[in-house]
Amino acid sequence: MAGCERYEQMIWALLDGDLAPEREAELRAHLEQCPDCRGLYEAAAAAAQVLREDLAEPPAALAEGVMARVAAYEAERGEPRPVQPVKRLRRWLPVAAAACLAVVIAGVALPRLKMGSAGSGASADTAAPQAASYVMDAEGSENARSADTPETVSLTEAMDAVAEESAEAKEDFASDEDGALSDCADAGGEAPMESAATALGYPVYDADGQAVGAVTDRERLAALLEGGTAAAGTPADYAPLYTLILDGTAYVLADDGDGGLVWWIEGDDAVTLSPAPLSELLALIG
Amino acid sequence: MTREEETAAIGRVLSGDANAFEALVKAHEKGVYNLALRMLGNEQDALDASQEAFFRAYRSLDAFRGDSRFSVWLYRVTGNVCLDMLRRAGRRPESSLTVDDEGGEMALPDESGDPQKALERSELRAAVRRGLMTLEPAFRQALVLRDLNGLTYDEIAQITGLESGTVKSRIFRARRKLAAYLQSGGNFFDAGPSNDRTKEKGGGDRGRM
């Protein structure tokens with residue numbers, strides 16, 4: 001094929017569909033006369049055609065195997081993306097997730113609750129479940145609590161879990177390793193991230209949705225809430241004063257009308273009466 | 001799957017919906033699997049490599065910036081998995097990667113209805129498969145990305161980290177070598193100086209580029 005180098009370049013261009021028509025005519029004229037170039041072209045064209053057209057169907061096991069590995073991977077990571085249902089507070093949600101919820105609640109739930117507290121009991125009754133479902137949606141959980149399945153969680157147990165893993169949680173928060181902050185950004189829209197970033201501890205919001213501080217003394221907080229008894233009525237019967245964000249769950253705190261402290265989980269029906277007066281809790285908010 | 005649907009599915013996965021990844025697998029498994037099959041030469045390794053590639057893509061999906069096509073990004077991951085497997089196999093005395101010698105896995109219906117032509121096509125496919133495996137893996141990768149996956153030279157340059165001109169010359173060399181393999185080892189192409197009609201079992205030129 002001495003002297004045929006330029007035709008070889010044209011063969012590659014033709015195979016790439018990148019040869020001008022007049023050059024192609026020139027090449028084809030040459031191929032008629034040159035068996036070496038013709039052989040090269042026919043072999044290369046046949047190979048290209050086989051590569052392009054001779055495709056195998058992927059076995060069904062491919063996608064099945066991938067999704068099985070994905071599921072196993074997510075299970076091993078401890079379900080970091082979907083939030084734990086409230087009934088199983090065994091693992092600490094990173095502080096970032098709690099802060100994320102705080103942003104959401106501050107922006108959405110509390111203004112509604114405020115409306116409820118300022119207005120009739122009936123409107124508070126409808127506002128609370130709405131707020132709760134919004135919160136759960138924001139975390140992508142399929143296990144959104146509903147108002148017709150009341151369920152009380154042990155605050156102490158939850159906080160024990162916090163204590164065990166708080167150091168790890170702070171690392172998670174800093175590195176955003178599991179994407180909690182990204183989730184937060186998606187869920188919270190324009191919610192300011194500064195408030196999330198400064199919300200280490202158990203953030204507390206007032207009924208206007210303003211951050212009023214955070215509780216850092218978990219022993220005293222536990223002592224205040226531990227040993228509570230079922231209070232009369234439902235959340236609709238009380239005016240919410242504060243919302244405390246703990247472990248990704250919003251605890252609404254209210255006056256029982258007599259200086260006592262009652263609390264319930266956002267969206268639940270069951271109200272618990274604390275053995276301690278409200279004033280002791282207020283003293284904890286720093 | 002349109003590009004918009006693809007972007008939406010990626011967003012759902014990144015926001016925690018792991019199951020949304022399946023649609024992405026389904027949309028791209030054919031390109032990924034065939035790339036791996038051509039790189040590795042047999043179905044079992046291709047299946048393993050494809051699954052590993054999709055799994056790696058899942059874990060590092062947040063690294064996908066959307067500045068290339070998603071398929072191109074996936075092919076990069078796939079290529080890396082395949083090259084890793086080939087390197088590991090190459091370090092062992094007995095290669096664990098085997099090349100299927102049967103044409104069966106790629107059997108396509110023969111439209112001509114001519115048994116002789118069907119046989120020739122089947123032999124041609126087998127020869128292409130063997131011929132590809134005589135190429136250096138990096139050259140094979142470039143050629144397959146171009147002719148099978150239909151990527152542009154620029155996209156292949158992105159994947160391999162080479163200059164576009166270097167990619168082009170690699171692909172030309174790979175095409176020339178593959179064509180020469182088909183001419184020397186087979187009885188398909190009547191031209192070529194070294195065209196003898198006895199075809200070695202297992203396929204002629206085992207040399208490396």
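Numbers restart at 1 for each chain; the letters A, B, ... are given by sequence-line order, proteins then strands.
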Measuring only between side-chain heavy atoms, which start at C-beta, is [X] closer than 4.5 Å to [Y]?
X	Y	answer
A:V66	B:Y58	no
B:F54	A:V70	no
B:F172	A:E8	no
A:E42	B:Q183	no
A:R52	B:D147	no

Exercise. For side chain to side chain contact (heavy atoms under 4.5 Å, CB included), just list the numbers for B:R38 and A:D54, CA-CA rounded to whole Å, side-chain angles, deciding distance to a tenth of an Å, and then say yes or no.
Key: CA-CA 11 Å; B:R38 291 309 194 183; A:D54 196 17; 4.0 Å; yes
Exercise. May I ask you to check whether over 12 heavy atoms, not counting those of A:E32, lie within 6.0 Å of atom CD?
Key: no
Practice problem: Measure the acute angle between the ring planes of B:F55 and A:Y73, then classify it against the limits of 30° and 60° as parallel, tilted or perpendicular. | Solution: perpendicular
Quiz item: Relative to chain A, which segment of B:R146 carries a heavy atom at a distance below 4.5 Å: side chain, backbone, both, or neither?
Solution: side chain
Quiz item: Contact part of B:K30 toward chain A, heavy-atom cut-off under 4.5 Å: side chain, backbone, both or neither?
Solution: both
Quiz item: Of all of B:V32, B:V128, B:L132, which one pairs up most often with chain A through heavy atoms under 4.5 Å apart?
Solution: B:V128
Practice problem: Using atom types as modelled and distance alone, determine if a side-chain donor or acceptor of B:N34 lies under 3.5 Å from a backbone N or O of A:L55. | Solution: no
Self-check item: Side chain B:Q51, main chain A:A61, donor-acceptor under 3.5 Å
Solution: yes
Quiz prompt | B:R121 side, atom CZ; A:Q49 side, atom CD - distance, nearest 0.5 Å | solution = 5.5 Å
Quiz item: Considering only heavy atoms, which portion of A:E64 lies under 4.5 Å from any heavy atom of chain B: side chain, backbone, both, or neither?
Solution: neither
Exercise. Can you see which heavy atom on A:A44 is nearest to which on B:A179, and at what distance?
Key: N-CB, 3.8 Å
